[in-house]
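For the single chain, residues carry numbers from 1 onward in sequence order. Because the structure is a prediction, the values reported are computed rather than measured.
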Amino acid sequence: GAVYNETRILVGTDEHLLAIDPLTFKVSEKDGELFNNMKDNVFKTTSLFNFAAYQSSVIVNGRLYVNPTLVDNSYTKCAYPLSHDNVFKPENLSYAALSQGFLVVFDEDNSKFLNLMGPFAQQAGFSEITSPSEFDIEGAKSIGAGESREQRNAFLLKDASGLYHIVIYDRGESSYTHYNLESENLKDAISIAFCDNCDLMYFATKNKICAVVMSAGKATPRTLNWKPDTPSERITSIRQYHQAWYGTRNYSLSGETEGGYPFPLETNRLQMIITTYNESSGEGKIYLRPFNLSTGLFTFKDNGSYGGFGQITAIAPIFK
């Protein structure tokens with residue numbers, strides 16, 4: 001989260017939000033100093049992310065705050081039209097990193113979808129949008145959310161009867177694409193990852209990774225044969241890899257001459273990050289596995305593993 005060249009590292013904990021100077025690694029600001037008109041005493045932070053090219057966002061105490069980084073370094077609460085606004089969680093909020101950067105939230109308490117146009121996140125507020133008609137969302141829970149192909153907002157929902165649904169909202173067309181999803185492994189899912197460059201969703205259990213291909217009106221799950229290096233490791237998360245600055249400074253996906261990255265990486269958006277934890281040894285590890293955009297299968301190429309960590313609680317790209 002930065003204004004022009006005033007770069008800072010933001011770190012969220014169960015009690016605090018900290019801004020750290022990237023040169024000295026000392027805390028420069030914390031908690032209420034980072035907000036406009038914030039009166040809370042505890043700053044339980046559950047998500048930090050950038051979207052819409054210039055918006056830095058944070059979920060604190062279940063509420064969504066935004067900082068348009070062309071203006072200042074202060075976060076302002078997003079306006080919410082319903083009676084309560086502490087509904088935001090990483091698993092029920094979808095956002096697009098680039099371009100207009102729409103946010104869509106599934107409000108589980110009110111069984112409604114609401115959206116917000118990214119560039120106006122500080123001036124405007126969330127508004128209710130039409131719900132999908134293919135199934136009843138009353139009492140549904142959001143298992144995971146993310147960005148799908150062409151900057152569409154994607155959700156994995158479990159309805160009140162226990163059935164699973166993938167719902168992808170196209171803001172440009174004001175329409176939904178809906179898939180029924182059946183897999184015995186879903187009940188044990190601990191991490192969900194949508195891909196923003198293809199029609200794929202991954203989900204992980206403690207010992208399995210499944211790829212879901214969305215095509216021709218069907219969502220087809222497949223259990224991959226990937227396993228950690230040792231049987232005592234348990235999978236803790238999976239996510240699509242994005243290189244540094246993705247979704248910030250309005251860099252396009254084109255080459256440098258067209259306003260793209262000054263340091264493009266071949267692996268950007270083309271590999272999955274898998275984290276594991278070994279309770280007996282106390283070691284956490286990171287695996288990088290390239291994937292096929294059509295089938296979801298991991299390729300034969302292995303981009304390595306990195307060990308020696310404790311339990312890994314979050315993954316974020318560095319500046320370069």
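For residues 17-42, the set of pairs meeting the ring-ring contact (aromatic ring centres under 6.0 Å, His included) definition, not counting sequence neighbours, comprises Phe35-Phe43, Phe35-Tyr65, Phe35-Tyr75. Annotation: side-chain hydrogen bond (donor to acceptor under 3.5 Å, both in side chains) contacts involving residues 201-210, sequence neighbours excluded, comprise Asn185-Lys208, Thr205-Asn207. Within the structure, side-chain hydrogen bond (donor to acceptor under 3.5 Å, both in side chains) contacts touching residues 18-28 (residues at least two apart or in different chains) do not occur.
Connectivity analysis of hydrophobic side chains (ILVMFWY, heavy atoms under 4.5 Å, direct or indirect) links Phe102 to Met117, Phe120. Residue Phe300 belongs to no hydrophobic cluster, having no ILVMFWY side-chain heavy atom closer than 4.5 Å to its own. The other members of the hydrophobic cluster of Phe155, by chain and number, are Val104, Phe106, Phe113, Ile129, Phe135, Ile137, Leu157, Val167, Tyr169, Tyr176 (side-chain heavy atoms under 4.5 Å, ILVMFWY only).
In terms of the salt bridge (charged side-chain N to carboxylate O under 4.0 Å, His left out) criterion, Asp170 has no residue partners (sequence neighbours excluded). Partners of Lys285 according to the salt bridge (charged side-chain N to carboxylate O under 4.0 Å, His left out) rule, which considers only residues two or more places apart in sequence or in another chain, are Asp229, Glu233. With sequence neighbours excluded, the residues satisfying side-chain hydrogen bond (donor to acceptor under 3.5 Å, both in side chains) with Glu128 are Lys112. The salt bridge (charged side-chain N to carboxylate O under 4.0 Å, His left out) search around Arg222 returns none, not counting sequence neighbours. Scored by the salt bridge (charged side-chain N to carboxylate O under 4.0 Å, His left out) test, Glu184 finds Lys187 as partners (sequence neighbours excluded).
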Checklist entry - Under the side chain to side chain contact (heavy atoms under 4.5 Å, CB included) criterion, do Arg269 and Asp196 qualify, and how do the steps go? => result CA-CA 8 Å; Arg269 306 161 76 222; Asp196 67 358; 3.1 Å; yes
Item to check | Steps toward salt bridge (Lys or Arg N to Asp or Glu O under 4.0 Å) verdict (Glu29, Arg8) | outcome: CA-CA 10 Å; Glu29 294 176 287; Arg8 59 185 185 176; 3.5 Å; yes
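No donor-acceptor pair closer than 3.5 Å links the side chain of Gln240 to the backbone N or O of Ala193.
No chain of hydrophobic side-chain contacts below 4.5 Å, direct or via other Ile, Leu, Val, Met, Phe, Trp or Tyr residues, connects Ile274 to Ile312. A continuous path of ILVMFWY side-chain contacts below 4.5 Å connects Phe291 to Leu297, so both sit in one hydrophobic cluster.
Environment of CD in Gln123: crowded, with over 12 heavy atoms of neighbouring residues, nucleotides or ligands closer than 6.0 Å. Remark: Asp109 CG is packed, more than 12 non-hydrogen atoms of other residues, nucleotides or ligands lying under 6.0 Å away.
Atom CG of residue Asp107 and atom CG of residue Asn110 lie 4.0 Å apart, to the nearest 0.5 angstrom. For the atom pair CG (Asp40) and CG (Asn61), the distance works out to 5.0 Å, reported to the nearest 0.5 Å.
For Phe88 and Tyr80, the distance between ring centers is under 6.0 angstrom.
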Please list, one pair per line, the donor and acceptor atoms closer than 3.5 Å that link side chains of residues 211-221 to other protein atoms, with sequence neighbours excluded.
none

